Structures are given as C-alpha cells and as structure tokens.
Enquirer: 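Here you go, one structure.
The chain is numbered in sequence order, starting from 1. The shown structure was predicted, so the numbers you read here are calculated from the model rather than taken from an experiment.
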Amino acid sequence: MDTFVINGGKPLFGEVSISGAKNAAIAIIPAAVLVDGVCRIENIPKVSDVTIQLEILRELGASVRLVNQNAVEIDCRGIRNYIAVSDLNRKMRASYYLLGAFLSRFGQAEVAMPGGCNFGGIRPIDQHIKGFEALGASVDIRNGVICAHSEAPLEGANIYLDVVSVGATVNIMLAATLIRGQTVIENAAKEPHIVDLANFLNSMGADIMGAGTDVIRIRGVERLVGGTYSIIPDQIEAGTYMAAAAACGGSVLVKNVIPKHLDCISAKLEEMGVEVEEFDDSVRITRKGPLSKINIKTLPYPGFPTDMQPQFGALLCLAEGTSIITEGVWDNRYRYADELRRMGAKIQVDGKVAVIEGIEELSGAQVHACDLRGGAAMIIAGLCAHGSTEIEQIEYIERGYEDIVDKLHRLGADIRKVHRDDPAAFPKAN
Ligand code: EPU
C-alpha cells in the first residue's frame, strides 16, 4: 500500500501548471458514446478516475488510443449494446453517465449502481431518474443495476430539477442529445464542467444552448460526428494549490487556469489576507502575513465550491480567530475533521457546520485520506505542519490530482510517495 510522507513547514515558491478538469473529463469521455466517428480529446488529466472511465469504454467495445499522456482518440462505433455492469462501473461515480449516453443512443440502458467518494451519507439519484422518466423511459433498480427501458422512442420534455445537481444535469443533457424533440432543463447546474460538456457536444454537432445558466435547452439531433476537443483547466486542482500556497506561505504562480472560475476561491483568500494577482491565464498567490478568520458557505457554482471545502478546512486551522464553514451542498462532508484533530486542529463539527478555532501550528501525524478532497486537505495540513505526516489511502487522492507529488516537489515541498512495507521510508511520526 502506497502512502505520502511529508516533512512540513516549508514555504512554497515557483510555478505549477494545472491539468485538465477531472470532472469535465469524466463527463466528456462517456459522451463519446454518442459520437458516430472518432473524437480526439486533449488536455485529459492523467488520474485514475479517467483511466477507469477509458477502460470501461474499452470493455464495452470502443477503440481507445492514447495519443500521448494527455490526449486520447475514442471511437465508440464498436459499442453494440447498452449494458455496463462490470466491476469497473462500481468503482467510480461517473460511470452512471453511461445511462444518459446509452439511453440517447440505444433508447435503453443497464448500468451498475455507481461507486465514488462516500461523504458519510447517501448520494441519491432520484433527479437523474426523474429526468429519464420525463423523456419516456421507465427506470427501476434490480440487483444493483439501474435499468432504463422504453417501448417507444424517447422524446424531449421539460424537466425541473428539485435540487441543483451536476450529475443529473449531465445525465439528462446526454440523454436528450440524440432523441427527438426539445428538452429543457430548469434549475440546471452551472458548473464550468457543465459548460465544457455542452461545448464538447456542440463541437461534434449537438444543439445545446444555455449551459452555464440555470436553463439549458437541448434540441435533439440525428447524429454527432467526430472532431477534436480540449478540456478546460481544473478549477478545483487550481484552488487546491492556491490553498496550499496560502497555508504554507511563499509565492506561487498557478498557471493554465481560467481566473474567472477561481473568483469565489480568490475572494475568500483575499478576505483572509492573502494576496491574489490575476493574469490572463494564471493567478499568483502570495502570503506574507498572518491569516484572518473567515466564514464560508458552500453552494452550487458560482458559489464557493463544496469540492474546496476540506482544503479550506485545513487552511482555516491556521487562521487567527474562529472560522465557521457551512456545507450547503452535501449533508455531511467533514470526515476529514477527525484526521485534522490528530494533527492538533481545533475543529468541531455539528451536522453541516464546522467551527474552527485557529491555532499557531499543526503537528505532523499519521492520518488517512477519507475521500478525494479530504485527502487533499490532509496534504495541505501536512505541508504546513511541523514535523512529519504520513497519509494513508492515497488512492483517493490519485483519483483526481495528476502528478501531485512532482508538482508540489517543484514548489519546494518535501513530499514523497513510498511503499508502506519499506520500513526505511518512514521517519517516526511526531
Ligand atoms: N442530489 C439529489 N438527487 C439527485 C442528485 C443529487 O438529491 O438525484 C443532491 C445530492 O445529494 C447533493 C446535491 O444534490 O446534496 C448535489 O449533488 P450533485 O448531483 O451535484 O453531485 P454529483 O454530480 O454526484 C458532482 C461532482 C462532485 C461535487 C458535486 C457538487 C463529479 C463526478 N462529481 O457530484 O465532485 O462535489 O458535483 O459540485 O462531477 C469531487 O470531485 O471530489 C466530487 C465529489
């Protein structure tokens, strides 16, 4: 079992280049199922969720050719049926986007119930099902498989989402792309990766308008053709390095970003007393003085992203005064708080609210990554802590952060990936 070992307390200096957005990539890859031709997708992040997603398509009969580390050519014309129930499907959340893609292409879909990060509560899919049913499918769950079938061809419909859901918005967009008539999604998610998916589909011949607003209109088209598309930079990866620079001190240029996507994160850092300079496609984070307390409420985009909440949870451990975080998207996303407490953090959680009393310094400890972003929080805590931190269950982190060890290393961090059974690799945690 691999772990990360960090000797903390070093400021970060230099430049880091941000990879393609993981959550865009894992929606766009299954969208290739809709394309009657070869699509070349560039700026794909090399992370395990993407590898699994590509492997699922291969298993289903698609041809997947890696052009280089970050570009792939996918041809899904070889996929002949609409059943995806292998173990790989259960390993990740976004495998359920095959439901929308299969429904659109075949009018039927059978896909294993998805896995993905467990935040300590259930992750419902009622809004996805409501959308598919509105298009004319009947949906039931049998033996861990979501089955969506229809006697007659599916037809566009108006769908109002009861909660703003990224996953349901993606799945309904996919399902509506190749079916007859017009579909309107109201109260749609507005995240940058929703816009990226719409841009990908439109560049292959789809007719989707309004992505990025809360009303998305999809006019079904007969066919999508192949083409080339480049994925947007990862808002959350960028935010994670910004938070790391703020926690450790120093000055870091975060390159290859869309600064507009980072506004909500930059604003909170500035409120804490961190300097944020914005350029065309990069932001510089500089921290010289102490950090001030802030309050955060996570919300769907353009609000403060829930996927940055744990990283800010770690950062706020060092802010002067008492900060309050309110989680507004998930019922529970604070499993990382127990791990931070092992490092001396004063963090109390009550339901959706965390109260964090700032302390002088965290101290290194043996901790684990509870999920992807919780793991990123432990890296930030380890980087700024006094002493050595060992992080276990790093496979969660590797689902979503490309080359994180190398990227941090180049910023001056002392972080290594080691095999747990290598006794020499572990200084005693203090
Ligand atoms: N919800 C429902 N019913 C549904 C779907 C969602 O009630 O049918 C609720 C959820 O319980 C939650 C809220 O709606 O309270 C938002 O969930 P959403 O569907 O937007 O989340 P998701 O699509 O499952 C994606 C990202 C998450 C990110 C959320 C919110 C992917 C693969 N995952 O999840 O990213 O937290 O949107 O922005 O895109 C991560 O990258 O670490 C991650 C977990």
Enquirer: Donor-acceptor check, side chain of Ser282 to backbone of Phe279, threshold 3.5 angstrom: yes or no?
Expert: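 Judged by distance alone, no pair lies under 3.5 Å.
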Enquirer: If we check side-chain contact (heavy atoms from CB on, under 4.5 Å) with Leu224, which of these qualifies: Asn202, Asp36, Thr177?
Expert: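 Considering Asn202, Asp36, Thr177, a side-chain contact (heavy atoms from CB on, under 4.5 Å) with Leu224 is found only for Thr177.
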Enquirer: Please check this pair: side chain of Ser104 against backbone of Ala101, looking for a donor-acceptor N/O pair closer than 3.5 Å.
Expert: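 Side chain of Ser104 to backbone of Ala101, a donor-acceptor pair under 3.5 Å: no, none is there.
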Enquirer: Nearest 0.5 Å please: distance from the CG atom of Asn199 over to the CD1 atom of Ile232.
Expert: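 Reported value, rounded in 0.5 Å steps: 9.0 Å.
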Enquirer: Rounded at 0.5 Å granularity, tell me how far CD1 in Ile325 sits from CD1 in Ile296.
Expert: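 It comes to 5.0 Å.
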Enquirer: So Leu98 and Val33, do their side chains get closer than 4.5 Å, heavy atoms only?
Expert: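 Counting from C-beta outward, Val33 and Leu98 do come under 4.5 Å.
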Enquirer: Does Asp162 offer a backbone N or O that forms a donor-acceptor pair with the side chain of Gln127 under 3.5 Å?
Expert: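 Yes.
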Enquirer: Can you confirm whether Leu315 sits close enough to Met272 that some side-chain heavy atom of one is under 4.5 Å from a side-chain heavy atom of the other?
Expert: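 Side chain of Leu315 against side chain of Met272, heavy atoms only: contact under 4.5 Å found.
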Enquirer: Evaluate the side-chain proximity of Tyr301 to Pro192: yes if any heavy-atom separation is below 4.5 Å, no if none is.
Expert: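 Sidechains of Tyr301 and Pro192: in contact.
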Enquirer: For Arg373 and Tyr401, does a side-chain donor sit closer than 3.5 Å to a side-chain acceptor?
Expert: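 Indeed, the side chains of Arg373 and Tyr401 share at least one donor-acceptor pair under 3.5 Å.
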Enquirer: Between Arg416 and Val405, is any pair of side-chain heavy atoms under 4.5 Å apart?
Expert: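 No; the side chains remain at least 4.5 Å from each other.
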Enquirer: Is there a side-chain contact between Tyr82 and Val111, using heavy atoms and a 4.5 Å cut-off?
Expert: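 Not in contact.
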Enquirer: Would you mind reporting whether Ser63 and Ile74 have side-chain heavy atoms less than 4.5 Å apart?
Expert: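 Counting from C-beta outward, Ile74 and Ser63 never come under 4.5 Å.
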Enquirer: Tell me which pairs pass salt bridge (Lys or Arg N to Asp or Glu O under 4.0 Å) where either residue lies in residues 314-323, with sequence neighbours left out.
Expert: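 Salt bridge (Lys or Arg N to Asp or Glu O under 4.0 Å) check on residues 314-323 returns no pairs.
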Enquirer: Hey, what do you get for CG (Asp403) to CZ (Arg410), rounding to the nearest 0.5 Å?
Expert: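 If I round to the nearest 0.5 Å, the distance is 7.0 Å.
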Enquirer: Within the 4.5 Å heavy-atom criterion, are Leu99 and His128 side-chain neighbours or not?
Expert: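 Leu99 vs His128: side chains apart.
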Enquirer: Taking Thr169 for the side chain and Ser165 for the main chain, is one N or O donor matched with an acceptor at less than 3.5 Å?
Expert: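 It does hold such a pair.
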Enquirer: Within the distance-only criterion (no hydrogens, no angle test), does the side chain of Lys130 pair as donor or acceptor with the backbone N or O of Tyr160 below 3.5 angstrom?
Expert: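 It does hold such a pair.
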Enquirer: Are Thr389 and Met343 packed together at the side-chain level, in the sense that at least one heavy-atom pair is separated by less than 4.5 angstrom?
Expert: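 SC-SC contact between Thr389 and Met343 confirmed.
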